[in-house]
Amino acid sequence: MKRRDFLAAGIAGAVSPTILAKSKKLKTNKNNPVIISTWNFGIPANEEALRALKNGGDAMDAAEAGARNAESDIENNSVGLGGLPDELGYVTLDSCVMDSAGNAGSVAFLQNIEHPVSVARMVMEKTKHVMLVGEGAKQFALSQGFKEKNLLTEKSKKEWKKWLKERREMTPHETHDTLSVLVQDKKGDLAGACTTSGWAYKMHGRVGDSPIIGAALFVDNEVGCAAATGLGEEVIKSTGSFLVVELMRQGYNPNEACQEALNRVIKAHNGNPDFQIGYIALRKDGKVGSSCLKWSFDYALHKNGVNKLNNVKGLL
Ligand code: SD4
């Protein structure tokens with residue numbers, strides 16, 4: 001069903017989403033892993049994810065491995081080690097994971113742990129909960145054998161000190177480079193992860209979209225998965241990744257689904273948002289898509305054995 005047909009059907013009220021979902025059953029892409037990650041450091045993240053798949057890991061293992069790669073990258077100043085701190089000088093981390101069975105785990109406002117994505121996965125696998133925050137998340141991480149580490153590098157500390165003198169309000173897109181990664185393994189199963197140190201010099205205690213299931217990440221193994229980067233507050237308010245997946249369920253292709261989710265944000269801001277949001281989407285049949293609000297956005301795609309950086313121009 002084409003999008004306009006779907007819209008017409010929707011307006012007429014003749015076709016319920018359930019019937020649509022059934023009539024639109026997607027053929028699963030198998031034996032051809034697909035990995036899609038945000039920004040240019042998605043390239044090494046994809047390589048790490050692929051290595052995990054080659055070592056027999058599944059989509060969740062691969063997504064976690066990809067996110068860990070960005071977390072340890074000292075050059076990346078918005079994820080994990082080397083991340084820029086909040087206004088008080090603390091590096092605080094947000095991360096989440098979701099697997100093909102619909103399980104989810106997340107941590108927010110976590111400090112001094114290099115791999116929040118792995119803590120999020122342990123929350124998913126070893127607790128009855130979905131989300132742990134702050135000191136509680138850290139205590140849990142320590143109980144699972146994670147070691148404390150100072151994540152504020154000299155370089156990030158210097159930049160923070162410089163910022164303290166001017167206290168200029170950072171525009172969110174200036175230092176926003178969250179790593180979100182979506183994976184389809186050879187069985188065709190889907191999983192994803194998201195990890196960030198968030199908005200540079202944010203208020204102490206601020207949590208963005210990156211640990212919020214449905215906002216920065218959503219996985220539905222029947223339909224597809226989606227993930228976000230950009231201004232977390234706006235991704236949360238529009239339940240971005242869940243919306244992208246639901247739009248794919250209704251028949252939108254991955255590109256259209258990302259665009260339509262952004263159209264809602266544009267409308268909510270009277271046609272003129274002054275921030276960035278980028279989405280990546282991966283459908284069950286292996287098709288991928290991406291879109292962003294403004295400027296442009298890079299994503300790394302590994303498909304058919306090739307790992308390549310792609311660029312999409314902003315809708316506005
Ligand atoms: C946040 N969404 O904390 C994250 C930041 C981000 O690219 O995506 N940066 O709001």
Side-chain angles (χ1 to χ4, degrees), residues 3-4 6-7 10-11 17 36-39 42 78 94-96 98 106 108 169-182 192-200 202-203 206-220 223-283 287-299 310-316:
R3 184 176 153 197
R4 62 172 178 275
F6 164 72
L7 290 173
I11 290 161
I36 180 168
S37 304
T38 52
W39 307 111
S78 21
D94 297 338
S95 178
C96 72
M98 193 162 183
S106 92
E169 169 108 13
M170 298 292 285
T171 52
H173 54 272
E174 271 181 273
T175 58
H176 258 222
D177 287 322
T178 294
L179 192 274
S180 291
V181 50
L182 304 171
C194 177
T195 185
T196 193
S197 54
W199 191 343
K202 61 196 172 187
M203 276 181 76
R206 181 264 188 186
V207 168
D209 60 317
S210 303
I212 311 287
I213 299 298
L217 175 68
F218 195 72
V219 177
D220 181 326
V223 177
C225 45
T229 178
L231 184 56
E233 281 73 1
E234 296 299 330
V235 178
I236 293 173
K237 286 192 275 179
S238 53
T239 327
S241 295
F242 177 76
L243 179 57
V244 172
V245 172
E246 282 310 296
L247 289 165
M248 288 196 286
R249 185 196 304 284
Q250 292 170 14
Y252 286 64
N253 73 37
N255 270 329
E256 289 172 339
C258 293
Q259 286 167 13
E260 180 54 25
L262 293 170
N263 281 338
R264 305 231 184 143
V265 177
I266 294 172
K267 198 167 164 221
H269 289 267
N270 303 318
N272 195 22
D274 63 348
F275 49 84
Q276 178 67 303
I277 295 179
Y279 287 120
I280 51 174
L282 165 56
R283 203 168 61 178
K287 201 170 168 36
V288 300
S290 176
S291 187
C292 70
L293 271 181
K294 300 185 73 119
W295 306 290
S296 73
F297 163 59
D298 294 330
Y299 66 93
N310 295 263
N311 181 269
V312 278
K313 297 275 169 262
L315 292 178
L316 299 172

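Excluded from the calculations below are hydrogen atoms, water molecules and symmetry mates; all remaining heavy atoms, backbone and side chain alike, are included. All of these numbers come straight from a predicted model, not from anything done at the bench.
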Where the side chain of [X] meets the backbone of [Y], is there a donor-acceptor pair that is under 3.5 Å apart?
X	Y	value
T239	G214	no
S241	A215	yes
D94	G208	yes

How far apart are the closest heavy atoms of [X] and [Y], and which atoms are they?
X	Y	result
Q276	L293	OE1-N, 3.2 Å
R283	Y252	NH1-O, 3.9 Å
S37	V181	OG-CG2, 3.4 Å
L217	M98	CD2-N, 3.6 Å
G240	A261	O-CB, 4.5 Å
L247	A257	CD1-O, 3.5 Å

List for me each residue that meets side-chain contact (heavy atoms from CB on, under 4.5 Å) alongside [X], sequence neighbours excluded, and say none if there are none.
X	answer
T195	A67, E71, V79, S95, P116, L179
S238	V265, Y279
L316	I266, P273, K294

Partners passing side chain to side chain donor-acceptor pair (under 3.5 Å) against [X] (at least two apart in sequence or in another chain):
X	answer
T196	T178
K202	T92
N311	S296, D298, K313

With rounding to the nearest 0.5 angstrom, report the [atom1] to [atom2] distance, [X] to [Y].
X	Y	atom1	atom2	value
L231	W199	CG	CH2	5.5 Å
I280	T229	CD1	OG1	9.0 Å
M248	Q250	CE	CD	11.5 Å
I236	S210	CD1	OG	8.5 Å

Is any side-chain heavy atom of [X] closer than 4.5 Å to a side-chain heavy atom of [Y]?
X	Y	answer
I277	F297	no
C258	V244	yes
E233	F275	no
C225	L282	yes

Test salt bridge (charged side-chain N to carboxylate O under 4.0 Å, His left out) applied to K237 - qualifying residues, sequence neighbours left out: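 Salt bridge (charged side-chain N to carboxylate O under 4.0 Å, His left out) check on K237 returns E234.
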Residues which pass salt bridge (charged side-chain N to carboxylate O under 4.0 Å, His left out) with D220, listed by chain and number, not counting sequence neighbours: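 Salt bridge (charged side-chain N to carboxylate O under 4.0 Å, His left out) list for D220, sorted by chain: R249.
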L262/Q259 under side chain to side chain contact (heavy atoms under 4.5 Å, CB included): CA gap, chis, key distance, verdict: CA-CA 5 Å; L262 293 170; Q259 286 167 13; 5.7 Å; no
Which residues share a ring pair (Phe, Tyr, Trp, His ring centres under 6.0 Å) with Y299, sequence neighbours left out: none
